[in-house]
Every structure is written in structure tokens, then in C-alpha cells.
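The structure appears below as C-alpha cells.
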Amino acid sequence: MSFFIADIKPILSLFLAERRRALLLGAMLSAATVTAGIALLGLSGWFITATSLAGLSAAAAMTFDVFAPAAGIRLLAIIRTAARYGERLATHDATLGVLAALRERLFRGFAEPGAARTLFHRPARLLFRLTADIDALDSLYLRILVPAAVAVGAALTASVVLGLMHFVFGLGFGLFLAGAGLGLPLIAGRAARKHARRRAHGIEALRSRAIDLVAGQTDLLMAGRLEAQRGAIAAADSYAAHADDRLNRVETGLTFGFGLVSTLLLAASLLAVAALTETKAITAPVAALGLLVAFASVEPFAALRRGALELGRTLLAAKRIAPRLAVADEARPLATPSPGYVFCLAGVSAFHENSAVPALENIDLVLKQGERLAVIGSSGAGKTSLLALLSHELPARAGSIAAMTATVLTQRTELFEDSLRGNLALANPEASETGLRQALAAAGLLVDVEAMPRGLDTPLGEGGLGLSGGQSRRLALARLFLRDTPLWLLDEPTEGLDGATARDVLSRLSAMAAGRSLVIATHIRREAVIADRIAVIEGGRISEVSRRGEAAFEKALDRLRPD
Ligand code: DUT
Ligand code: MG
């Protein structure tokens, strides 16, 4: 129970902070709807019985007031309809508003350093969290909290009305109804929790395995693993189906339990009002009123059924989302480097997530404005990690780091399912048509684009299908050219390009970068040769920094791949 509250609390406080008034109004209108419904049914029962009894004798029929109760019934009917309408508007509007705010906070949480990197390895999970987990949270308010409050309100109303007829009758009725009505969904919620969680996990596995099957078809076929992957998908499917079956059983049990409780309550109420009428404690019309009030007050508890079954799913969603919300609350102060410098690193160490070995250790490095630095070293030495540190993607665990805004040209080009124009304008949505074309020309891609029948409007498939590896690289470069930041971080910028194109691109890059500072992580001589300084990195440590004109600079260049 306590961890239930710990999981729910940040979400609940977000609900309340975001739309407190609308949510409370919704709950109140919800309670008004149910109370009016109970009163309507009770009064109607009383009215019908009283009029038929009055009809039995002429004298009573003359004096019987039909107008006041009839008007009351009409009023209650109007109140109930209006309150229900208002309740739907208020609760749904508020819930959707809260969920929209939650999505925004979640996006911010995912944008934190490290979070995006972790999720990048599990894109199916990211997608799932953004859609299913947030959607699951609406059931917390709409299907759990509001129905529970309303049901308790209904039980209270009924026990007051029945208590006026006989104290023990009212008290007993209220206690039994609230106890069984809330107890049953709680028991069912506990029983369903495990299966709801399993179902969510099963569906998640089903999705990511299906995505792997489609995306990695060729590799799976070559490795002879296609059948195994199909088997894995079938296993996830049957796992989810099994959990679904269990959930259905719990639901059936709960429905049966509710049926039993309401039958018991109604039978007991019938006996109680009969006994009270027998002893002349109440009249027949009041007995009818009591019976119908009892009947109507059982109804709202049935609304808890769905919430109870979804409780496990909701808790799982809350548990997964809550840590990200906490992160989003802290603003990260960014230090600015000393004047004349674009970054200053002093004694910096950094670790990748789930790694005990430092990716970078005790790094002391500065870069002046307009200066170009090449970072070289064997594969896995920490070049990409250094760039990630400078772009604040990788958090520093020790030391001080101050860096100006940077743009990263990542080692792997990410292309999105959009037109070529859309993929390019990503870097600068305000760029003009001429600006886009200039960037393409500078990256050496304009000729290729103009040769395409649809030019800039050529649609690119998921992951940038439709472009060759080298073309994708040049598109990424064009994107970089649209980013006007003082520092460009380039991770193997011309990898995968042929020698002639690469040299052409590099000379354009060099021209475009005039006045900017560059950090180039590279294995290739042609990329390092445009730098003013070369830093050699070995096992996460900088072992040597040399300047153009020094012998060490030439020696470092000679260690690189020619061309
Ligand atoms: N590493 C991780 N997790 C990651 C990325 C890297 O543990 O998400 C480790 C692997 C390696 C070290 O950090 O031992 C440095 O990796 P980096 O990617 O910085 O190496 P690189 O110099 O850029 O290698 P390459 O030339 O292969 O791109
Ligand atoms: Mg790298």
C-alpha cells in the first residue's frame, strides 16, 4: 500500500497542480449526478405507491397533492441530466489537459542527458511509454478516484435516508455496502495486478519483437534465425493472451461478487422495509422509497469494476513514469567558459550508464574561439564520449565543465520519415528555400537532389531509406550548416565518402566553419589535417596534444589512415 502511494503521489500531485478546480468540480458534479439519480428513483417509487394508495379511497384522492412530488421528480431529472453533462465535460477536459501536460514533462524528462541515449537502444519501449503508459494514467482519475468517491457518497446518502427510517437499518446497510463495494474491487485489483502487469509486458515484447523481425529481416534470414524470431513473437503473444484470460476470469469473479452483494442487500432491504411497514414504523410509499434508494445506491459500485482491473496497469505506468517527472523538475545550470574560449574542461571524468569503467578520465582541455581540434585514437578510446560530454549529453561525474552551445554531427546519421526538405529544415525551421539549397550545395548534395524527380520533396522512408550511405552523410552535413552555433562537434564527418567527394566536402566544411570552433573526432588523415591542434586519446585519457608546426603534430597525422 505504501509503495502504491509512493508511485501514485507525483502523478496525483501533478493532476491536482494542473487542473485542481476542474477536477474537484468534476468529482462534485459526479456526486451530484448520482445523488440526484438516487433521489429520483426513491421519490418516483414513493410517488407511484402513494398515488395508487390514494386512489383506493375517494377522500384521500381529493386531498392528495400530485403537483409537488411531480415537480420534484422533474427537477431531479433535469438536475441529473445537467450534472451528468457538466461532469463529462469537466472530468474529460481536465483529464485530457493533465495528460497533455504530463506528455510535455515526460518529453522533457527524456531529453535529459543519458535518458535519450538509454531509450535510443529501446525505441519500441519509448513509443510504448509515450502512448500506452500515459493513456493508462487517465484511468487513475476517471475510473478509480472519481467512481470510488461517488460510490462512497452514494452509500452515505442511502444510509442517511434509510437511517431516518430505522437507525440500525441505515447503519448496517451503509457499512455493508461500503465495505463489500470497496472491498471487492480492492481484492479483484490485487488479484488482477500481476496479470495486468504481465499483459502490458507481453504486449510490449510483442511489439518490439515484431519491429525487430521487420527491421532485421535480412540479418535474421542470413543467420538462420527467422524461425526463432517468429517463435519469440508467438511466445510473447501467448504470454499476453494468457494474462488476458486471467484478467477476464478476475472480471467475471468480480461481476459475480457484485451480483451477490447487491442481491443480498436488496433481499435484506426488502425484509427490513417489510418488517418496518408491518410494525407501522413507516408507510408503504416510504417503504417503496427505501427499497428503490437501496437499489440505486448499489449501482455506482459497479463502475469501479474497470478501474479495479486496470489498477495493475495504472500502477505500472505510474511507476515507470514517476522517476522521469522528478528529473524534469531540476533545472540544470550550465557554466559558460572564460572569455575567448568555447570550452574549458578541468579534471573531468565521465561514465556511461551501467559501466564501472570511466569512458573519460581526468580530462584537461580547452579550446579557443575559432580554433580547430582533431581528436584521434583507436576505436573505443573515447572520442565520441568526449563529444557527448561537450554537448552535455554525457554528464560529468567529476571535474568542472564549461561549454558554449554546440551542434553535433553524430557518428551515425539519423534521418526521419519525412520529405528531404523536412529532414533538412529540422536543423533550422526558419531557413529559406535558398538557405536550404545553399546548405545542400555546401554539402555537395544539391546535384544529387536536383536529379531526383521530386527534388526537395522526395519522401524519405523510415530511417532515411531512399538515400545511399554517403548521401545520408552529406544530408547530415547540410543540416549542420544550417546550425549557427559557435561550436561544431563532428564525429567522423566524411566516413563512408569516396576520397574525391570527401576532400570536396571537407574544403566546403572548412569554409563554412570560418570563425567557428571545431572538434573533429576522426581516424582519417584528411579530416585531421584541417585542425590546428591534435589531441590523442587512449583509454579515456588524453595522452598528447600537439600544435600545427610541431613534430608531434606531423607524427600524429602519420598514424592516421591515409586519404
Ligand atoms: N561506451 C559505453 N556505453 C555507450 C557508449 C560507449 O559503455 O553507450 C564505452 C565503450 C568504449 C568507451 O565507452 O569502451 C568509449 O566509447 P566511444 O564511443 O567514446 O569510443 P570512440 O573513440 O568514439 O570509438 P569509435 O572510433 O569506434 O567510434
Ligand atoms: Mg566514436
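Keep in mind it's a predicted model, so treat the numbers as computed, not measured. Start at 1 and go down the list; that is how both ligands and their atoms are numbered.
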For residues Q369 and S517, is any side-chain donor paired with an opposing acceptor at under 3.5 Å? no
Could you please spell out the steps behind the side-chain hydrogen bond (donor to acceptor under 3.5 Å, both in side chains) verdict for D498 and T501? CA-CA 6 Å; D498 64 89; T501 315; 2.6 Å; yes
Can you name the one residue among R209, R320, R197 that meets salt bridge (charged side-chain N to carboxylate O under 4.0 Å, His left out) with E204? R320
Hey, are R313 and E310 close enough for a salt bridge, meaning a charged N less than 4.0 Å from a carboxylate O? no
Can an N, O or S atom be found in T384 less than 2.8 Å away from the Mg ion (ligand 2)? yes
Considering only heavy atoms of H523, which atoms of ligand 1 have at least one such atom less than 4.0 Å away? 26 (O)
Just to be sure I'm reading this right: ignoring hydrogens, which of S385, A356, A350, A388 gets closest to atom 19 (O) of ligand 1? Compare them by their nearest heavy atoms. S385
I'd like to check R533 versus E371 (side-chain heavy atoms, cut-off strictly below 4.5 Å). Are they in contact? yes
Between Q411 and the Mg ion (ligand 2), is there a contact where an N/O/S atom of the residue lies under 2.8 Å from the metal? yes
Would you mind running through ligand 1 and noting each atom that sits below 4.0 Å from a heavy atom of E492? 26 (O), 28 (O)
Identify, by atom number and element, the atoms of ligand 1 in contact range of T384, meaning under 4.0 Å from any of its heavy atoms. 18 (O), 19 (O), 21 (P), 23 (O), 28 (O)
Are any of the N/O atoms in K383 less than 3.5 Å from those in ligand 1? yes
Ignoring hydrogens and geometry beyond distance, is a side-chain donor-acceptor pair present between T413 and R473 at under 3.5 Å? yes
Any nitrogen or oxygen of A359, side chain or backbone, less than 3.5 Å from one on ligand 1? no
Test item: side-chain donor near acceptor, T485 and T405, under 3.5 Å: no
Which ligand 1 atoms does A381 reach within 4.0 Å, using its non-hydrogen atoms? 20 (O), 22 (O)
Could you establish whether G380 and ligand 1 come within less than 4.0 Å of each other, counting only heavy atoms on the residue side? yes
